Amino acid sequence: MSFDCPYCHSRATRVTRSPLWKLAVVLSIATAMPLAWLMLLGGPAFAPPLVLVAAIAAASAFGPAYERATEPPTCSSCDKVVDRVAIAD
């Protein structure tokens with residue numbers, strides 16, 4: 001969708017993040033939760049260190065994926081954040 005950017009006043013398109021980032025958020029949560037439950041139910045004697053490492057890796061993937069998935073749309077010319085109200089005008 002092209003619009004007139006309120007910052008650079010050029011005809012530009014709105015750049016949004018890929019919906020695959022939202023899928024990455026869901027997958028990181030879906031991976032971390034069962035691993036955390038296994039560690040809680042199994043206790044330290046039954047939870048191998050590999051499960052602990054895998055749970056930490058899955059949980060640490062959540063932060064950057066969530067940040068990328070929720071970034072606001074930007075202008076393709078000047079890379080500034082564009083409000084949805086500015087696009088509608």
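Predicted model only: the values in this text are computed from it and were never measured.
Of the inter-residue distances, the one linking His9 atom NE2 with Cys75 atom SG reads 11.0 Å to the nearest 0.5 angstrom.
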Side-chain polar contacts of residues 21-34 - donor-acceptor pairs under 3.5 angstrom, sequence neighbours left out - could you list them?
unit_1: Ser28; atom_1: OG; unit_2: Ala24; atom_2: O; d: 3.4
unit_1: Ser28; atom_1: OG; unit_2: Val25; atom_2: O; d: 2.8
unit_1: Thr31; atom_1: OG1; unit_2: Leu27; atom_2: O; d: 2.7

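Listed here is the closest heavy atom pair of Thr74 and Val82: C-CG2, 4.0 Å. Contact detail for Arg68 and Arg17: the closest heavy-atom pair is O-CG, 3.2 Å.
For Tyr66, the OH atom sits in a loose shell: 12 or fewer heavy atoms of surrounding residues, nucleotides or ligands are nearer than 6.0 Å. Atom CD of Glu71 has more than 12 heavy atoms from other residues, nucleotides or ligands within 6.0 Å.
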TODO: Test Cys5 against Cys78 for side-chain contact (heavy atoms from CB on, under 4.5 Å), laying out the working first.
DONE: CA-CA 9 Å; Cys5 178; Cys78 62; 3.8 Å; yes

